[in-house]
Structures are given as structure tokens and as C-alpha cells.
Student: 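First the structure, then my questions, so here it is.
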Protein chains: 2
Amino acid sequence: MSTKQPAESPAPYHHGDLHNALIQAGLAILAEEGARALSLRAVARRAGVSHAAPYRHFADKDALLAAIAEQGFDMLAASTRAAIERFPADPVAQLAESGWAYVQFALQHPDHLRVMFSGLLRTPEDHATLRTAGRRAFSLLVDIMRAGQRVGVIVDGAPEQFALAAWAHVHGLAVLLIDNQIPAAATAASPEQLTRMCTGLFYRGVGSR
Amino acid sequence: MSTKQPAESPAPYHHGDLHNALIQAGLAILAEEGARALSLRAVARRAGVSHAAPYRHFADKDALLAAIAEQGFDMLAASTRAAIERFPADPVAQLAESGWAYVQFALQHPDHLRVMFSGLLRTPEDHATLRTAGRRAFSLLVDIMRAGQRVGVIVDGAPEQFALAAWAHVHGLAVLLIDNQIPAAATAASPEQLTRMCTGLFYRGVGSR
DNA sequence: TGTACATCAGTGAACGCGCGTTCACTGATGTAC
DNA sequence: TGTACATCAGTGAACGCGCGTTCACTGATGTAC
């Protein structure tokens, strides 16, 4: 029920904000039916619009996919930012929290993550705003590393590379979890326990002193 | 040119080993055309056989995908085993080498890795041999951790969880690399440098003493 | 305030495509006698 | 060694499907006068 229209008027010819509605429809399909059900036609259907209508807002299927992926990076960045603010001046905790936030995002939106990472997008490099969104999310991790180095809890070294390592660690865990690839021997632990084990290991290392 | 048949005889009605030929055809398609081109019909075409023929050897498309994924795990296990043997009695080096072997596999066979992990398989849990192959590869990592603990270079703790963390770390890096998601700031380093940075970090940790 | 008109968002029919799967069949193989 | 026969791997036509994209269109909107 739209607030713009009196409730009885059924389907206005002009949608008003079809661009966003299509993205939302895409997210709903990802959540309810999975990535393999995400077609332009399905998205249009779900938005209550003819299957040709999306072409007024997106050049092609890839463009819509890119917009959806971009939104995912924005969500990741937002939750990372929240984790940082929850532990001001404690980069180690920020690392652990944003790692757990990442894994939570993956568990709650597994197919959204797949659109972002699994090569569904034919030409990710063609979508500038997508790349920017990815970089923005990543730079938050770099900031944490820098802050850690400033207060002396993180060793010297290129913060971008540390950030990449942290990302890889947590991303790997996230995709293994949503792909059900976690070996039975480790399944005894909850996803949160596994994540905190990983971030802890990332900080301390596995080597004995 | 088959060795079984005199060269002039063109296409024998019975293939002889279509089961394996189909898997090989699948791998060739993955290598040359990518995961999105991997259809049952394409595989049959490439194997020089009618599109219905595969059904004599695989129940459905998923079964062929599972066989291909399984082969991937076997390849991973083999290269891990080779890395272990290259540095007998040095678990830390084994860890670094098998990590780099993993990333190399991903770089050389990106779409093979995608079949193994990107949810292309609808029901991975239905394919027992696939699960076994995965577990077998994973157990090698666990063995390394145990060996490290035995000689005292790896801290106490559940070796399965350490192995999972190591896998996640290197798997994350591998998928970020093949998805071209490595941020520009880190691209200055080669994949091998990045991998060794990660495995080094995994051992030492990022925290200052 | 009222009207003509340009703009453009959304429509619905149509295109060609490749897919997974089924089915009745045909041809090669190997075994029993 | 030769023949009848069961087995089963591979064939090719057919099914129904949903997809991305294009196109000439129609209907709503807002702006210029």
C-alpha cells in the first residue's frame, strides 16, 4: 500500500520509483528463491511491472546485478562502521566485531553475497560505482589497521596488506559457511565461535612463542 | 586420436570411456569458456556425442557437476600432499607451501573452483563421494596442524579449528583473486607475495608482542 | 486558469536462443550354447 | 568355431521452459504559452 496514492487506486501507470523497487525486488528474490532465480523477468514480475520496463532504468541485466551488488557493499560498509563505533579506540575489538558482522551478513544474505562475489556479474569492472562501493568498504578495514599501528597494538607493515589478509580470512570463512563446506569436525562450534576463533588467530597467530 | 582404434576409423559407436571423457570435456569447457558455459549439452557436444548420451553415465546435470567438483578436490589434495612431502618435518613450511598451492590451483582453474564452491551444485550433500573428497583434502591440513603441535611450533588447541582457519584464510584470498576483488592498494604485490604474506600472518599473527 | 505539446515511463507481442530431460529407437558387444 | 540372443551405450526427435532483448505502441506527466 503506497502512501502516495489513496488505497483504492490499484496500479498507477507510472511507478514513481521503479529503479529502487527493482533493486528491492531483486533482494527479495535472492532472499526467498536464491541467486539462480534472479532474472530480469522475475524481478520485473515481482515489482508488478512488465518485463520490458526495467530497461527504462537499467541498460541490461548486468547493470541491475551491479546495483544489487553495490547495495551489498554498502550494507557491509555500514555494519563495519557500526562495529568500529561500538568500540572506539580499540582496534583489536573493532577487527573482531567487523569480522563477525561480515559473517553475519553472509549468513543472513547468502545469495546476496553470491551476487557480489561469485562471478555472476560478467563485467564487474564496467560498473564504476560498484568498484567505488567495494573500495569504500575495504578502506574501513585499512583504517582499523592504521589505528592499531598508531596505538601500537598492530605490528608495522603495509596496512593495506593486513587489511586484505583480514578480509580474505573472514571472507573465506563466510563463503565456506554459506556453502556448507565446514567440515564436521569444526561444526561443533557455532558460526560466531568459529569467527571469533579466526579473528583471534589472525591477531595472535598460530605459532608458539 | 585414440590408440585403441586404427587412426582411419572415425567415430566408434561405443565410446569406451565416456564417463571420464565427459568429465574431461567439462574441465575443458571450464578452462576455455567458463562456468556459465558448462551445460550438459555443451559437455556432450565437446565429447562428440549426442546430448542424450550423458544420461547413460550421470543421473542428471548435478551428478556431472559433482563429479567435476570431486576431481577438483582430488587435485587440491594431491598438490597439498606434494607440498607436505617437499618439506618433511617442517609443518610451518608445509602450511605456507600448501597455501600457495591452493591459490595456484585457483588461479589456474578459476572456474573449476567456482563449480566446487559457488553454489552451482544444487545439492552437494547428495553426493557422498564429493563430500568424502572434500574431507580427505581437509584432513591433510589437520595433519599438518597436529604435526606442528607435536614438534611444538604450533600452539595447543583444536587442530581441526586451526585447519579450518587456515583453509578459510587461503580460500578467501583465492576467491578474491579470481574475482578480481583485490584492492588496487594491494595489487602491487604478486599473488604469490600476497599468499605468503597471508600464511606468514597466519603463523605469526598481526598483533605486536 | 486552460490548452497544446514534448517527453518519457511502462506495455505487450515477438524474436531467437539454449537448456534439461524423456522416449522409442538402433547398433555394437559379449555371452550361452 | 558359429549362431541366437540379451544387454545396454549411444541416437535424434521432441517436450516445455524461461530467458534477455527489441520494438512499435500507449498513456501519464509536466512545461510553455
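Quick note: numbers below take in every heavy atom, side chains included, and nothing from hydrogens, waters or symmetry partners. The structure presented is a predicted model; accordingly, all values stated were derived computationally and were not measured.
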Student: Parallel under 30°, tilted from 30 to 60°, perpendicular over 60°: which one fits the rings of His109(A) and Phe105(A)?
Tutor: tilted
Student: Note down the inter-axis angle between the two ends of the helix from dG2(C)-dC33(D) to dC33(C)-dG2(D), five pairs each, to the nearest 10°.
Tutor: 10°
Student: Say whether, by atom type as modelled, one donor and one acceptor occur between the side chain of Arg81(B) and the main chain of Leu140(B) under 3.5 angstrom.
Tutor: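 Not a single qualifying donor-acceptor pair exists.
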Student: With sequence neighbours left out, write down each residue that passes side chain to side chain contact (heavy atoms under 4.5 Å, CB included) with Arg131(A), or none if nothing qualifies.
Tutor: Glu125(A), Arg135(A)
Student: Verify, without hydrogens or angle tests, whether His112(A) (side chain) and Ile68(A) (backbone) share a donor-acceptor contact under 3.5 angstrom.
Tutor: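 Side chain of His112(A) to backbone of Ile68(A), a donor-acceptor pair under 3.5 Å: yes, one is there.
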Student: Rounded to the Å, how far apart are Asp17(B) CG and dG10(D) C1'?
Tutor: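 Going from CG in Asp17(B) over to C1' in dG10(D) covers 15 Å.
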Student: Under the side chain to side chain contact (heavy atoms under 4.5 Å, CB included) test against Val43(A), which residue among Ile29(A), Val49(A), Leu65(A) passes?
Tutor: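 Of the listed residues Ile29(A), Val49(A), Leu65(A), the side chain to side chain contact (heavy atoms under 4.5 Å, CB included) partner of Val43(A) is Ile29(A).
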Student: What is the distance, rounded to the nearest whole Å, between atom CG of Leu120(B) and atom C1' of dC19(C)?
Tutor: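 After rounding, the reported distance stands at 14 Å.
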Student: Looking for any heavy atom pair under 4.0 Å, which part of the strands does Arg45(A) touch: base, sugar-phosphate only, or nothing?
Tutor: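 It contacts sugar-phosphate atoms only.
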Student: According to salt bridge (charged side-chain N to carboxylate O under 4.0 Å, His left out), does anything in residues 84-96 of chain B pair up with another residue at least two apart or in another chain? List the pairs.
Tutor: Arg86(B)-Glu97(B)
Student: Please list, one pair per line, the donor and acceptor atoms closer than 3.5 Å that link side chains of residues 157-168 of chain A to other protein atoms, with sequence neighbours excluded.
Tutor:
from	atom 1	to	atom 2	distance (Å)
Glu160(A)	OE2	Arg146(A)	NH2	3.2
Trp167(A)	NE1	Tyr102(A)	OH	2.9

Student: Could you encode protein contacts along nucleotides 20-26 of chain C as a string, one character per nucleotide from 5' to 3', using B for base contact, S for sugar-phosphate-only contact and - for no contact, with a heavy-atom cut-off of under 4.0 Å?
Tutor: BBBB--B
Student: Quick one: His15(B) NE2 to dT11(D) C1', roughly how many Å, whole number?
Tutor: 15 Å
Student: Could you state the CZ-P distance from Arg36(A) to dC19(C), rounded to the nearest angstrom?
Tutor: 15 Å
Student: Going by salt bridge (Lys or Arg N to Asp or Glu O under 4.0 Å), name the residues that satisfy it together with Arg136(B), two or more places apart in sequence or in a different chain.
Tutor: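 With neighbours one apart ignored, the set is Asp74(B).
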